[in-house]
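The shown structure was predicted, so the numbers you read here are calculated from the model rather than taken from an experiment. Just so you know, these numbers use all the heavy atoms, side chains as well, and skip hydrogens, waters and symmetry mates. Counting convention: from 1, in listed order, for ligands and their atoms alike.
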Amino acid sequence: MSINRRNFINLTSLGIAGFTLQGFVNQSDIKGQQPIVISTWDAGLNANKGAWEVLSKGGTALDAVEKGVMITEDEIGCCVGLGANPDRDGYVTLDASIMDHEFNCGSVAFLERIKHPISVARRVMEKTPHVMLVGEGAQQFAIAEGFKLESSKLSETAEKAYQQWLKKSTYQPVINIERQNPTSQLQDQFKAPTRFENGEWNHDTIGMVALDAHGNLSGSCTTSGAGFKLRGRVGDSPIIGAGLYVDNEVGAVVATGQGEDVIRVAGASAVVEFMRQGKSPQEACRLVVEKVRRIKKEKAKDIQVCFIALNKKGEHGSYALHTGFNYAVHTAASNHLIESPFSV
Ligand code: SD4
């Protein structure tokens with residue numbers, strides 16, 4: 001499919017092009033909703049399959065977005081979870097968040113040695129009066145909930161990357177782009193390095209949002225954050241309203257890229273608010289990305305910020321600051337990657 005990045009057409013799970021959400025959608029409008037799940041980067045293709053197992057059987061979007069990203073957390077040699085790159089002191093620290101259709105939300109940050117931070121985030125949501133637990137406290141909570149304390153040993157690939165990084169020991173944010181991907185139409189014009197080139201992962205996060213057959217939205221996000229970050233650094237992914245936001249009357253949004261710059265604009269929440277005003281998912285994402293670009297001025301060339309959004313009707317869209325971002329869409333018809341439109 002050829003995609004004009006600047007005039008990208010929103011695809012819809014219903015297969016109907018060109019109808020736009022105008023603000024609030026009545027629950028009765030979406031009876032017999034076709035489920036859909038979308039997630040960031042090419043790792044989303046596998047993650048979507050896990051989510052689809054839940055959605056296709058009439059399961060909830062909440063269960064789907066947890067199960068989906070757990071697949072990525074499990075993938076050794078992938079970008080999130082315990083196999084990912086460590087902080088500058090050599091420890092893998094994980095952030096995750098989850099949100100359902102009733103504004104229930106939970107998150108963990110700076111969590112170490114726990115394989116499925118997304119499930120700990122869900123327990124925070126369901127079993128505590130809090131929204132967010134961090135560090136040692138989050139780990140203690142996880143252990144008390146029966147999660148196993150894993151080894152602190154780095155994966156082989158992360159150890160290699162870390163040794164490489166130690167040679168220079170400078171923190172230089174990278175522009176997140178997709179690894180070489182045979183389906184990428186941008187491949188020729190943009191030579192995407194593999195995740196391991198220069199000893200650096202290319203991106204570190206999976207974010208997922210889903211709409212179930214009951215017409216409810218949920219979202220999840222899980223990440224190792226930025227590789228070689230300062231110890232204690234927390235990004236946007238566990239911050240509700242920044243890395244993830246769900247408003248069941250409007251839509252669900254998740255972010256990836258330079259977390260600091262997503263936090264500054266309350267990114268995911270801002271995208272939801274634009275959709276509430278009637279903007280399409282892609283246009284809502286674009287408006288927030290452009291705000292980041294304005295704020296960052298010439299520094300925008302050094303960072304990546306991307307959003308994916310799904311509205312109440314199953315229309316989806318994305319926008320990124322730079323080329324090289326893609327997202328995976330699973331409907332009853334297919335599970336495929338879409339190149340995101342971008343700003344610069
Ligand atoms: C963070 N947003 O911690 C995450 C990083 C990311 O692909 O998305 N990497 O800032």
Within 45° of the six-membered ring axis of F141 and under 6.0 Å from that ring's centre, is NZ or CZ of R123 located there?
no
Pairs satisfying side-chain hydrogen bond (donor to acceptor under 3.5 Å, both in side chains), at least one member in residues 260-273, at least two apart:
R233-E260, Q258-E260, D261-R264, D261-K296, E273-R276
Quick one: side-chain contact (heavy atoms from CB on, under 4.5 Å) partners of S218, sequence neighbours excluded?
A61, L62, V65, D100
Are any of the N/O atoms on Q258, whether in the backbone or the side chain, positioned under 3.5 angstrom from an N/O atom of ligand 1?
no
Using a strict cut-off of 4.0 Å, indicate which atoms of ligand 1 neighbour a heavy atom of D204.
7 (O), 9 (N)
Taking atom CD as the centre, does E159 end up with more than 12 heavy-atom neighbours from other residues, nucleotides or ligands that are less than 6.0 angstrom away?
yes
Geometry only, no angles: is D236 polar-contacting ligand 1 at N/O separations under 3.5 Å?
yes
Could you say whether the N/O atoms of G259 and ligand 1 ever approach to under 3.5 Å?
yes
F325 and ring pair (Phe, Tyr, Trp, His ring centres under 6.0 Å): which single residue from Y319, F342, F307, W41 fits?
W41
E260 to ligand 1: N or O pair under 3.5 Å?
no
Which of these passes side chain to side chain contact (heavy atoms under 4.5 Å, CB included) with R113: V92, I143, L149?
L149
Considering only heavy atoms of G257, which atoms of ligand 1 have at least one such atom less than 4.0 Å away?
1 (C), 2 (N), 4 (C), 5 (C), 6 (C), 8 (O), 10 (O)
Can you establish whether the number of heavy atoms outside E156 located under 6.0 Å from its atom CD is more than 12?
no
Does the N or O separation between G225 and ligand 1 drop below 3.5 Å for any pair?
no
T256 heavy atoms within 4.0 Å reach ligand 1 at atoms 6 (C), 7 (O), 8 (O), 9 (N)
Atoms of ligand 1, numbered as shown, that sit under 4.0 Å from any heavy atom of G235:
3 (O)
Ligand 1 contact by R233, heavy-atom criterion under 4.0 angstrom:
yes
